[in-house]
Structures are given as structure tokens and as C-alpha cells.
Amino acid sequence: MNRKKERLIKYLFTALAFSSLVFLIGIVLVLFKEALPIFSKVSLHDFLLGESWYPTAEPPEFGILPLILASLWVTAGALVICVPLGVGSALYLHELAGPRQRAVLKPVIEILASVPSIIYGFFGMVILAPFLQNTFDLPIGLCALTTSLILGVMATPTVASIAEDALSYVPRSFREASFAVGADRWQTLTKVIIPAAGSGISTAIILGMSRAIGETMTVLMVAGGSAVIPRSVFDPVRPMTAAIAAEMGEASVGSDHYHALFAIALILFLITFLFNIAAELISRRFRLKLGLSR
Amino acid sequence: MKRRDIIQKIGFSALFACMAANILFLGGIIFFVAARGLGALSWEFLTQAPRDSMTAGGVAPAIVGTFYLTLGAILFALPLGVACAVYLTEYSPKGWIVNVLRISINNLAGVPSVVFGLFGLTVFVKYAGFGVSILSGSLTLGILALPVIISASQEALTAVPQSIREASLALGATQWGTIRKVVLPASLPGILTGVILSVGRVAGETAPILFTAAAFYLKGYPRSIFSEVMALPYHIYALMTEGTHPEIQTRIAYGSSLLLLGLVLSVSMLAIFIRARQRKTYNA
């Protein structure tokens, strides 16, 4: 009786444990099911590379290249900010901050990483955008540049905290060996520790990228929303996430527009999925290289 | 000074500048929101419903809505998340299962929030027929909180020393008895950390509730779990993008932002504080 109960409980836990897998598969199925109908109207090629997104025009046009490019532009811009700041902060924490500074700065960075995206969007809209508009004398402050700046600042704590974890896995013996052959601290940092933690740092950057490209509320509020192929960083843009969030409310259920928005979500999901798998593979190799188990 | 000393000095200064910029930017955002938001806060702001097409009154229904949504999400995600963590650490299954589960948890954590919103719209709002409601929103947010709760619980369970489990088994307790009476109580503070962290995450999310729960304006408070709700983060978005009195609405949005920011930051500070104490206990 008792043994039977034990077995039952174990099965229950096993079943519940698969919930995340079930949800992940559920998300994939829902996205495919709701996205596929659009491809009977538009070919995959025209959908991905079409240059005009006029989903409500007559006849509608479903080319999402402007949206994809907008996402890539603002993400690339965000990387220019969050990679040096994030990795630099991680190196500072690892190499220069004393134990007392670390004890304060690490949690502060973690707390900053929890600021909701709507707050960043709000800040971008009421303070940064007007400021940039005045400074650069722009026709409109809500543009790719503003979005990149905000996304970059937003992703910095994520990058910093994962990169710092990677640095802390580098064994002490590495730096001691480097000092023993006469290297100073800077040489040890750049020639020994950074290469040793290199793949861990790349994981941090990929996850920061994943966060930036999937970010919704900030870009919805700050990017300006115009669905044309961006020509300069001062152009207003409409990244993929913003298009979904802004248009889903208006698209009637089951219409072509509705299915097209799901198709955008599917592509977005696949991009972040690839990023996450890449981060997973790289960090596994990194741990093997340093002789750490999972 | 030798050349390499100069290089080291420049390098270290650059690192310091990165750290300072990081703290300064983020601190600046918090400062701006706090400085301008304080003026909007008042007792009336916290306790009254919006009046005169969003230009007067307070945000009480949005506070209540955010509370319901967060509570619902945690009620859904906590048992699932803890069960998953217990399975991964206590029932030590075969290698490939652990790998598959870990990869799916990591990927679930990386899914863009708007995609959760679409999933919730399709499955909960339409397929299950819950409509745009607290229930749909809570379930959607719960899935989003699941990875956070799993990883915090896993960390807490792994930190419980193996010897305690062995002692319990040696006294004749069954595996389930050991988990229920020994391992789970010992890891409770760590699991609590996960819960608090996910409260902070869930309370601030906007995109998942856009199509599953949120309403721009409602008369009065939600009556059941099948009602639409107002929520603080969505309220900020709505104030900034709709309506006809941008000046006054921005002021209210500042107040709401400060409220939300205060809520989320104090919640995550609490979690980090508890976790730091917990880690100390086990390392000592």
C-alpha cells in the first residue's frame, strides 16, 4: 500500500514536471496553427522580404521586411550600448571592486534588472524623446535611436549579471599562474581571464540580445511606429513586437491580418529560440572547457 | 611610470566608467520617475477610482487589478514550479530527461512576453472560453512566472545538505515523507525568494495582459474572476497613448509609474535580502 502510494506520488511529480515542456510545445503549436493560414495568401518569400506592410489597405500588403529590419536595427543599436557597459561592469565587479563594494553593487544591479519595461517606455516617451528631439533638432523624438538607447540601458544589467557569473567560474589558479610568469593585473585580465570566460561572456551577450529583440512595451511606446524600411537612426520605426502589440487589438479574429500577426510572432519566437539554444550550447562548452560539471 | 602601467591605469579607469555609467543611467531613470511622481501621489490617488475621463481621481481599481492578477498567477505557478523543482532535484531522473526539461525551462524563460500574450489569447481567452478576464490574464502570467519559480526552488532544494535526507531515510521515512517533512521545510525560504521575485516580474508585465485581461477603463471593481480588470502597468500605457488630456494624463502616469516602480523594487529588494541571508546560513 505504502509503496504504491510512493509510486503514485512519483508519477504525479513527473507529470507536473513536464508542464514547462508542455507549455513550450503548446506555444509552438498555437503559433504554427494560427500563422499558417496567411501563407496560403502570401508566399513565405513575399512575406519575409516584401517591403510594404499595409495590412488594412485594400488590397492588403503583408511584407514584414520593414518590421524585421526595424527589430534588427534597434537591437544592434542596443548592443552597442549594453555590451561595453554590461561586460565592463562585470569586469569591474570581478577585478576592481572590493568585497564590500561587491556586496552592494551585485544586488543593486540585480534589482535594477527588475525595473518593468513599461517604466522604461514611459521614461523614453516623456523625458528621453523630447530631450533628443531638442538636442539633435529632429522632426520627431520617437525614433530608432531613442529606442536603441533605452533598450541598451535596459539590457545592461542582464548582460552584466550573467557575464559576472561567467567570470567567477574562472579558476583562481589561472590568474595565479599568470601573475607567476610576471603579468600585471590588466594583462592577466585581458589575456587570461577574458579569453577563459569568453564563451560565458558571449552567452551573456546573446541573452541580452534575446531580451532586447523580444522587448515589447518599450518599443511600442518609444519606436515611433512607422512601418517603413529605416533609412537613418532618426527614422521612426515599427519593430516586430510593436506591430503585434499595437495591431492585435484591431485585427478581427480569423482575418488575414490576424494570421499575419501570428506569423510575425512565430518568426520572433524562432529567432529568440535560436538565440537561447546558441546560448545553451556555448555555455555548456564553456563549462566543459573549465572542467566544471553542469 | 612604465608603459604597461599606464595601459593598466587607462583600462581600469574605463571599467570604472562602465560601472558608473550603468548605475548612473538606471539611477537617473528611477530618480526622474520618483521626483516627478511624488507630486501626483496622495491618499485620494491611492484609494479612489479615476473620474472625469481619466483626468481626476485615483488609480485604486488598477492597484486592485494588479493584485488579483499577480495573486492568480502565483497560485497557478507555485505548485507547478515547486513540483517541477522537486522532481528535478529529488527524484533524480535519467540524464536526457533532465536535459530536455532544463532546455525547455530556459527557453520558456526566453520567450518574448508578447508571444505569451498571443498564447493566452488563443488558449485561455478563446479556446477555453474564459474571455478577456482575470482568469485568462493570471494563467498567462503564471506560465511566464513558472521558470523563475522553478530555478529559485531548484537552487533552494539543492542547497539542502544530502546528509539531512539520508538521516531521514535511515529513520525509516519514505522518500515522499522525507521530501514533505524534511526537504521542503528546509528549503522554504529559498522557495519564498522565488515567489517574491516572480511577484515583482508579474506585477510589472504589460504585454501578456494586453489581449487577455486588461481594460482601459472600468466602472467599479471586478466582480468575479471572469471580469476584465484595470492593471497598473497597462494603466500607464493607456494614459500615455489614449485619451484627450495628455498633460493631466502624463501627471497621473508619473504617479502610477512611481507606484509600480516602488512596488516592484521593494519586492525584489526583499527577495534578494532573504536570499542573501539564506546563502549565509548554508555557507557558515
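Note that the coordinates shown come from a computational prediction; the quantities given were computed from them, not determined experimentally. All values below come from the heavy atoms of this structure, side chains included, with hydrogens, waters and symmetry mates left out. By convention in this document, chain letters (A, B, ...) are assigned in the order of the sequence lines, proteins followed by strands, and residues within each chain are numbered from 1.
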> Are B:Cys84 and A:Leu16 close enough that some pair of their side-chain heavy atoms sits under 4.5 Å apart?
Replying inline: no
>> Can you tell whether the side chains of B:Glu90 and A:Lys10 come within less than 4.0 Å, N to carboxylate O?
In response: no
>> Quick check against the 3.5 Å criterion: does B:Gln8 have a side-chain atom that pairs as donor or acceptor with the backbone of A:Gln187?
In response: no
> Does any heavy atom of chain A fall under 4.5 Å from the side chain of B:Ile30, the backbone, both, or neither of them?
Replying inline: side chain
> Pick one: which of B:Ile105, B:Ile103, B:Val111 meets side chain to side chain contact (heavy atoms under 4.5 Å, CB included) with A:Leu24?
Replying inline: B:Val111
>> With a 4.5 angstrom heavy-atom cut-off, is it the side chain or the backbone of B:Leu197 that approaches chain A, or both, or neither?
In response: neither
> Under a 4.5 Å heavy-atom cut-off, does chain A meet the side chain of B:Ile150, its backbone, both or neither?
Replying inline: side chain
> Nearest heavy-atom pair of B:Phe211 and A:Ile244: which atoms, and what distance?
Replying inline: CZ-O, 4.0 Å
> With a 6.0 Å cut-off on ring centres, are A:Tyr92 and B:Phe12 close enough?
Replying inline: no
> When rounded to the nearest 0.5 angstrom, what is the spacing between CD1 in A:Ile127 and CZ in B:Arg36?
Replying inline: 4.5 Å
> Between B:Val100 and A:Leu21, is any pair of side-chain heavy atoms under 4.5 Å apart?
Replying inline: yes
> So, for B:Lys126 and A:Glu34, which heavy atoms are closest and what is the spacing to 0.1 Å?
Replying inline: NZ-OE2, 4.3 Å
>> A side-chain contact here means heavy atoms from C-beta on lying under 4.5 Å apart; do A:Thr216 and B:Phe116 qualify?
In response: no
> Do you see a donor-acceptor pair shorter than 3.5 Å between the side chains of A:Ser89 and B:Asn22?
Replying inline: yes
> Where does A:Pro84 contact chain B at under 4.5 Å (heavy atoms): side chain, backbone, both or neither?
Replying inline: backbone
>> Please give me the minimum heavy-atom distance between A:Ser20 and B:Leu108, naming the atom from each residue.
In response: CB-CD2, 3.9 Å
> Of the non-hydrogen atoms in A:Phe122 and B:Ser257, which two are nearest, and what is the gap between them?
Replying inline: CD2-OG, 3.2 Å
